[in-house]
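See structure below.
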Amino acid sequence: MSDTQQTTNYAEEPYTPPRTAREPTAWVGAVVFAGVMLLLMGGFQAIEGLVAIVRDEYYLTTNSGLVLTFDYTVWGWTHLLLGVIAVGAGIGVFVGQMWARVVGIIVAVFSALANLMFLPAYPVWCTIMIAVDVLVIYALSVHGREVRYR
């Protein structure tokens with residue numbers, strides 16, 4: 001056989017490049033869910049804060065019935081600040097930023113604590129917010145890196 005008629009016996013399989021990073025799994029949806037929940041939680045916290053600032057008499061108990069006896073205006077500004085930070089972290093999670101995951105977890109922890117202390121004023125809503133906070137913490141801490149862009 002001459003050099004020009006060499007036959008190769010390569011398998012007919014397509015080329016697959018070597019994997020250098022982990023492929024995203026179905027948990028990307030959980031992280032996107034966490035980002036949406038951060039946006040939603042931030043919006044809800046902001047509304048809860050605005051209501052506490054503008055209309056004190058809306059809540060079920062007086063401010064002396066709360067865990068920490070602050071005026072509702074103080075609670076309102078606390079919830080409003082948490083809401084604004086949560087919205088910013090939610091946007092950051094969507095673009096795959098590590099700082100947004102960390103801030104999102106921290107905000108969700110503080111949101112859960114604030115809602116736990118605000119529970120006597122608005123029990124059903126605060127319970128829902130605490131449950132959402134737990135879901136956000138889980139999704140961002142366990143599966144948050146899967147949204148990171150390469």
Side-chain angles (χ1 to χ4, degrees), residues 11-150:
E12 296 291 327
E13 296 179 29
Y15 171 75
T16 56
R19 291 179 19 174
T20 57
R22 288 181 6 169
E23 293 295 318
T25 64
W27 283 103
V28 169
V31 179
V32 171
F33 170 78
V36 170
M37 286 291 105
L38 273 170
L39 291 173
L40 202 60
M41 178 192 68
F44 288 161
Q45 288 280 42
I47 291 169
E48 186 176 8
L50 288 173
V51 169
I53 292 169
V54 174
R55 196 165 163 215
D56 291 358
E57 67 276 357
Y58 179 76
Y59 294 104
L60 297 176
T61 184
T62 62
N63 60 359
S64 63
L66 296 175
V67 175
L68 297 175
T69 56
F70 294 128
D71 185 43
Y72 274 115
T73 305
V74 173
W75 280 109
W77 284 107
T78 302
H79 285 289
L80 185 61
L81 180 66
L82 281 171
V84 168
I85 295 171
V87 167
I91 293 169
V93 165
F94 282 133
V95 294
Q97 298 296 315
M98 178 65 170
W99 65 264
R101 287 176 46 208
V102 173
V103 169
I105 292 169
I106 292 169
V107 166
V109 167
F110 281 119
S111 171
L113 291 174
N115 280 297
L116 184 66
M117 290 186 272
F118 204 62
L119 202 59
Y122 213 40
V124 175
W125 183 253
C126 289
T127 304
I128 292 169
M129 292 299 294
I130 291 169
V132 169
D133 291 330
V134 170
L135 288 172
V136 166
I137 292 167
Y138 173 75
L140 289 178
S141 62
V142 176
H143 303 287
R145 81 178 70 178
E146 297 189 26
V147 174
R148 185 179 61 211
Y149 293 114
R150 294 169 208 185

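The first residue of the sequence shown is numbered 1, and numbering continues consecutively from there. Basis for what follows: all heavy atoms, side chains included, without hydrogens, waters or symmetry-related copies. Here the structure is a predicted model, which means the values were calculated and not measured.
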Kindly give the heavy-atom pair with the smallest separation between [X] and [Y], and that separation in Å.
| X | Y | answer |
| --- | --- | --- |
| Ile137 | Ala108 | CG1-CB, 3.5 Å |
| Gly92 | Ala100 | C-CB, 3.2 Å |
| Val93 | Leu38 | CG2-CD1, 4.0 Å |

In residues 126-136, what donor-acceptor pairs under 3.5 Å come from side-chain atoms, sequence neighbours left out?
{"unit_1": "Thr127", "atom_1": "OG1", "unit_2": "Pro123", "atom_2": "O", "d": "2.7"}
{"unit_1": "Asp133", "atom_1": "OD1", "unit_2": "Ser111", "atom_2": "OG", "d": "3.3"}
{"unit_1": "Asp133", "atom_1": "OD2", "unit_2": "Ser111", "atom_2": "OG", "d": "2.9"}
{"unit_1": "Asp133", "atom_1": "OD2", "unit_2": "Ala112", "atom_2": "N", "d": "3.0"}

Query raised in the report: Once you round to the nearest 0.5 Å, how far does CG of Leu82 lie from CG of Leu113?
Result: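 Here the interatomic distance stands at 10.0 Å.
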**Report entry** CG-CZ distance between Asn115 and Phe110, expressed to the nearest 0.5 angstrom
**Finding:**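 Separation between the atoms: 13.5 Å.
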If you define the side chain from C-beta out and look only at heavy atoms, does anything of [X] sit under 4.5 Å from [Y]?
| X | Y | answer |
| --- | --- | --- |
| Ile53 | His79 | no |
| Ile91 | Gln97 | no |
| Val107 | Met41 | yes |

Query - By side chain to side chain contact (heavy atoms under 4.5 Å, CB included) - contacts of Leu40 (at least two apart) - result: Met37, Phe44
**Report entry** For Leu50, all residues meeting side chain to side chain contact (heavy atoms under 4.5 Å, CB included), sequence neighbours excluded
**Finding:** Leu80
